[in-house]
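First comes the structure, then the notes that go with it.
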Amino acid sequence: MKMNDIKTLYHILSAEFGPLYDWWVAGSPFERIAGAILVQQTRWENVDRVLTELKNRDLMSPGSIAALPLEELEDIVRPTGFYRNKAKSLKAVAEYFTASPIDSMSNKPQHVLRKELLALRGIGNETADVILLYVAGKPSFVIDAYTKKLCGCMGIQGNYAELQRLFEDALPRDVPVYQHYHALIVEHGKRYCGRKGCDSCAVARLRKYRGTPAFELAKP
DNA sequence: CTCCAGGAGTGTA
DNA sequence: TACACTCATGGA
């Protein structure tokens, strides 16, 4: 049963990595949004430099980025790779949040907000869900590369929407739970999903639990 | 030198 | 719908 595997994996990862409170430190909501875009297909260490540089130049706000010439933004964003794409994306997102403030996201229905985010340049499924979950506080489970890899190890295949529905069906519809699980998957992935293969991958441990009743998740 | 990281957009069948 | 290709820097 796929749903049992999803639940069991959460407990296995929880036991190994702990609660991971505030694993994503950011100085402001917009800093998280910027980080969500810059981290695409890149290591976080590179993103951190750019975020620091933006703050040093006092540019960490939608208005500042929107007003910044594209060429200057490209120059700042360069260390994260794909700098032409990311500069354009960051600018589009900054313009969007200049027109409709970040705080106003909580007033919109989740599916409406998701659609608006997806319409922006450089925001696909994953980045939209990251912003929904970590900035807007909406219960939208994030499916990233590590999650897909992990699902593959468990023999679960499917496109983005299918995997997302699987996780959301298996878990209580709760923002902290979604954030925690995503954080656990990332921490596990950085450790075990590297080029060395998945010898000590959590899925190897998961197999021992198969056939036993699923863990019951604590009510939030 | 080679490989690839917490993706997304575009073009093709 | 489902892939292949492209974008690019920095670290191991």
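In what follows, chains are A, B, ... by sequence order, proteins preceding strands, each numbered from 1. Computation of the quantities below employed the complete heavy-atom set of this structure, encompassing side-chain atoms and omitting hydrogens, waters and symmetry-equivalent molecules.
Side chain to side chain, A:Asp129 and A:Tyr178 fail the donor-acceptor criterion of an N or O pair below 3.5 Å. Side-chain atoms of A:Asn85 and A:Arg121 include no donor-acceptor pair closer than 3.5 Å. Checked by atom type, the side-chain pair A:Thr8/A:Asp5 shows no donor-acceptor distance below 3.5 Å.
With both ends at atom P, the span from C:dA8 to B:dG11 equals 16 Å, rounded to whole Å.
Protein atom CG of A:Asn46 is 13 Å distant from nucleotide atom P of B:dA5, rounded to whole Å. Atom CD of A:Glu162 is separated from atom C1' of C:dA2 by 12 Å (rounded to the nearest Å). Atoms CG (A:Leu120) and P (B:dG9) sit 10 Å apart, rounded to a whole Å. The CG-C1' distance, from A:Asn125 to B:dG9, rounds to 13 Å in whole Å. Between A:Tyr83 atom OH and B:dG7 atom C1' the separation is 18 Å, expressed in whole Å. For A:Phe82 and C:dT9, the CZ to C1' distance is 9 Å, given to the nearest whole Å. For A:Arg191 and B:dA5, the CZ to P distance is 18 Å, given to the nearest whole Å. The CG-C1' distance, from A:Asp144 to B:dG7, rounds to 10 Å in whole Å.
Among the protein residues, A:Gln41 comes within range of the nucleic acid bases, having at least one heavy atom under 4.0 Å from a base atom. Among the protein residues, A:Gly124 comes within range of the sugar-phosphate backbone only, with heavy atoms under 4.0 Å from sugar or phosphate atoms but none that close to a base. Contacts of A:Ile123 with the nucleic acid, taken as non-hydrogen atoms under 4.0 Å apart, involve only primed sugar atoms and P, OP1 or OP2. Contacts of A:Thr127 with the nucleic acid, taken as non-hydrogen atoms under 4.0 Å apart, involve only primed sugar atoms and P, OP1 or OP2.
Residue A:Arg43 places none of its side-chain N or O atoms closer than 4.0 Å to OP1 or OP2 of B:dC4.
Nearest to the side chain of A:Asn159, among B:dT10, C:dA2, C:dA8, sits C:dA2. Counting only heavy atoms from C-beta on, A:Arg84 has its side chain closest to C:dA8 among C:dA8, C:dT9, C:dA2.
Ring geometry for A:His182 versus A:Trp23: interplanar angle over 60°, hence perpendicular rather than tilted (30 to 60°).
In terms of heavy atoms, A:Ser14 sits closest to A:His180 at OG-CE1, 3.3 Å.
With a 3.5 Å ceiling on both atom-pair distances, the Watson-Crick or G-U wobble partner of B:dG7 is C:dC7.
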